[in-house]
2 protein chains.
Amino acid sequence: MVKIRDVALHAGVSVATVSRALNNYSTVAPELVSRVRDSAEKLGYRPNALARSLRRQTTRVWSLIVTDIDNPFYTALARGVEDIARDSGYSVLLCNSDEDAVRERDYLQVAEQEQAAGVIIAPSGRDTDVSRLIAARIPIVAIDRTMTADVDIVRTNSGLAARAATEHLLAAGWRHPACITGPADSETAEDRYRGYREAALAAGVEPLARHVPFHSDGGTEAVAELLGEDDPPDSFFVANSVLALGVLDELRRRKVAVGADVGLVMFDEAPWAPLLSPAITVLTQPAYDIGAEAARLLVARIGAPEGAPHGPKEIVLPTTLVVRESSQRAV
Amino acid sequence: MVKIRDVALHAGVSVATVSRALNNYSTVAPELVSRVRDSAEKLGYRPNALARSLRRQTTRVWSLIVTDIDNPFYTALARGVEDIARDSGYSVLLCNSDEDAVRERDYLQVAEQEQAAGVIIAPSGRDTDVSRLIAARIPIVAIDRTMTADVDIVRTNSGLAARAATEHLLAAGWRHPACITGPADSETAEDRYRGYREAALAAGVEPLARHVPFHSDGGTEAVAELLGEDDPPDSFFVANSVLALGVLDELRRRKVAVGADVGLVMFDEAPWAPLLSPAITVLTQPAYDIGAEAARLLVARIGAPEGAPHGPKEIVLPTTLVVRESSQRAV
DNA sequence: TTGAAAGCGCTAACAG
DNA sequence: CTGTTAGCGCTTTCAA
């Protein structure tokens with residue numbers, strides 16, 4: 001491993017000069033700069049980021065903690081984060097908590113110990129403990145879900161969108177929409193449920209819902225239960241695309257035809273949504289932009305002076321209903 | 001930030017003792033161990049990973065570089081890597097090169113500068129330059145695609161599988177299968193093409209193929225071109241699921257019915273494959289296991305003594321043809 | 001403008 | 001068994 005000392009020796013200057021030259025300090029004589037650069041180039045010198053970070057007391061790495069790496073919403077979001085991070089010279093440590101509070105805690109600890117420059121997190125629960133990060137002055141931006149801790153957040157208005165989706169189902173002629181959502185302690189799951197509930201109540205329909213884990217099996221299970229009800233639903237509002245996978249699978253298994261026997265709207269766009277027969281009506285969240293905005297917020301926080309007084313920022317992005325076939329009653 | 005010195009002061013011992021106690025050196029008196037642990041606990045001490053790594057000259061972080069984070073194959077693989085990494089006490093820096101050699105180079109450089117303990121990479125091309133990592137003695141495991149560099153690799157036998165898939169198409173009664181694959185400089189793309197070609201030739205069918213970028217747009221484009229041929233194909237062997245998304249989209253747009261007008265088999269399982277009508281016949285790769293095996297190989301390499309003589313290992317996992325409806329001629 | 005030297009927080013010889 | 005101390009490789013005062 002070639003270190004700064006080797007470059008200094010080769011260039012015939014001190015290590016301090018090498019450091020300054022390579023970090024673009026304007027105080028170094030131009031000739032020395034080029035001599036140093038040449039030496040560094042020739043020797044194949046790469047600064048040791050560990051040593052630099054230790055000395056500078058700051059790293060160039062972010063942690064991005066998501067709850068489900070298989071959810072296209074999060075991969076799209078990750079791209080948004082990553083693009084902005086790259087532009088700003090950061091690398092992103094992508095961590096998958098799998099909705100598991102223990103894994104999440106572990107990753108938060110890693111972020112702390114590795115002295116992450118910042119953390120972007122989709123918290124597994126509202127009470128996810130980030131107090132240590134805050135104490136360590138590591139900026140945090142929440143995405144998708146709010147948390148009790150006082151941090152910046154970028155999200156969409158799930159409740160409103162859920163309400164609109166349910167109203168759409170009703171307007172399309174479905175009489176008895178049910179809601180399949182995530183665990184009650186997940187904020188987005190609850191918001192979406194509430195939006196559905198409002199719309200149902202407003203239309204004089206008795207709300208019918210299932211809270212299941214955010215996995216496709218959860219969707220499967222919920223459908224099975226719901227269709228076993230005395231007064232089964234004739235349509236579904238599903239709180240995310242992973243859940244919908246299970247829902248659609250179970251519906252198919254039971255030979256229940258979407259768009260004819262039952263209606264369906266799901267939260268989140270997915271690459272396969274337009275390909276199904278019928279094509280799935282979705283609530284599109286600007287996933288990439290959520291990530292990008294969160295990244296911008298983080299950059300701003302990192303750059304902000306120590307005792308900057310500004311309170312937590314909140315950015316709410318719009319969700320769009322994309323009407324396709326699954327929500328329509330077949331002719 | 002509470003540091004080791006603070007713990008030492010609080011526990012009334014030297015920093016060395018704190019270090020030893022916390023790192024489970026058996027030479028420390030049990031009473032001191034507990035005193036140190038108590039102090040550390042009380043003060044909320046968290047070792048600075050940067051300082052530790054700098055001193056130990058080794059980190060607990062891996063880089064996992066994939067070419068497309070939106071490809072379910074890679075997210076499943078990432079889970080495999082992550083699970084084993086966690087078990088072995090490592091964190092995974094997941095990087096998305098997007099098939100872009102420049103991004104890939106940047107990430108490799110980050111891995112080097114951050115002194116990654118190891119790197120698992122799906123190289124964007126066979127000639128991806130990992131010489132610096134090798135020089136820095138950072139173990140590397142290739143996944144999915146081989147490379148000219150001498151590294152461990154975990155992969156499937158794409159060629160064989162592709163051949164089987166094409167033979168299956170032919171056996172199902174399709175007369176003129178075409179191949180839609182990735183860029184010619186991508187090894188898996190080429191392997192899959194060759195497998196297809198062998199099967200076609202063996203059956204006396206003139207090979208017909210398109211090499212396009214591994215994005216859904218590539219699939220769209222390929223279909224458009226292929227169907228414009230004088231002697232258009234009656235079925236498709238598609239080299240991965242992302243490409244297939246574009247293929248299916250274009251087929252749908254043109255109102256060409258899969259399973260009736262054309263047959264289709266794609267490489268890789270995808271959560272939506274069984275949900276389409278008709279359900280898609282796929283070549284399933286054990287993505288999770290590929291990741292897990294790669295991780296195990298990496299653990300072994302990291303643990304191996306400096307001058308260990310064993311050459312690069314290669315692990316080839318089986319691919320399974322899952323016959324569903326899209327490859328069958330409708331009655 | 002440059003160099004010498006201190007020190008980021010930790011671990012690991014080396015002494016005792 | 002415990003403490004003292006020398007670094008890991010780098011940046012950044014402080015002097016010259």
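The analysis underlying the following values was restricted to heavy atoms, covering all of them including side chains, and did not include hydrogens, waters or symmetry mates. Letters A, B, ... mirror the listed sequences (proteins, then strands); counts begin at 1.
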Report the nucleotide, chosen from [options], that has the shortest atom-to-atom distance to any side-chain atom of [X].
X	options	answer
A:V28	C:dA12, C:dT2, C:dC10	C:dT2
A:L32	C:dT2, D:dG3, C:dC10	C:dT2
B:L54	D:dT12, D:dC8, C:dC10	D:dC8
A:S19	D:dT11, D:dC10, C:dC10	D:dT11

Pick out which of A:T128, A:D129, A:I138 makes a side-chain contact (heavy atoms from CB on, under 4.5 Å) with A:L108. A:T128

Between B:E31 and B:R55, just flag the one whose closest nucleotide in DNA chain D comes earlier from the 5' side.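 Between the two, 5'-proximity favours B:E31.
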
For DNA chain D, whose closest nucleotide is more 5', that of B:G12 or that of A:A49? B:G12

One pair to check against side-chain contact (heavy atoms from CB on, under 4.5 Å): B:I315 and B:L317. What are the steps and the verdict? CA-CA 6 Å; B:I315 296 182; B:L317 265 20; 3.6 Å; yes

Salt bridge (Lys or Arg N to Asp or Glu O under 4.0 Å) for B:R145 and B:E187? Distances and angles first, verdict last. CA-CA 6 Å; B:R145 315 169 175 189; B:E187 196 201 21; over 6 Å; no

Rounded to the Å, how far apart are [X] [atom1] and [N] [atom2]?
X	N	atom1	atom2	value
A:Q113	C:dC10	CD	C1'	13 Å
B:K3	C:dG7	NZ	P	12 Å
B:R5	C:dT11	CZ	P	16 Å
A:N24	D:dT12	CG	C1'	16 Å
A:E112	C:dG9	CD	P	14 Å
B:L22	D:dT2	CG	C1'	16 Å
B:R56	D:dG9	CZ	P	16 Å
A:R20	D:dT13	CZ	P	11 Å

Phosphate contact ([N] OP1 or OP2) by [X] side-chain N/O below 4.0 Å:
X	N	value
A:Q57	C:dG7	no
B:T17	D:dT2	no
B:Y25	C:dA13	no
B:N23	C:dT11	yes

Looking only at heavy atoms, what is the nearest atom pair of A:L22 and A:R37, with distance?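 A:L22 and A:R37 have their closest heavy atoms at CD1-NH1, 3.8 Å.
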
Work out which heavy atom in B:Y74 is nearest to a heavy atom in B:T67; give both atom names and the distance. CE1-OG1, 3.3 Å

Along DNA chain C (nearest heavy atom to each residue), the more 5'-positioned of A:A29 and B:I4: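 Nearest nucleotide further toward 5': that of A:A29.
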
Kindly determine whether B:R60 and A:Q113 satisfy side-chain contact (heavy atoms from CB on, under 4.5 Å), including the steps that lead there. CA-CA 11 Å; B:R60 301 303 290 178; A:Q113 301 201 176; over 6 Å; no

Contact class for B:A16 vs. all strands (heavy atom < 4.0 Å): base, sugar-phosphate, or nothing? base

Check whether the side chain of B:R46 and the base of C:dG9 form a donor-acceptor pair under 3.5 Å. no

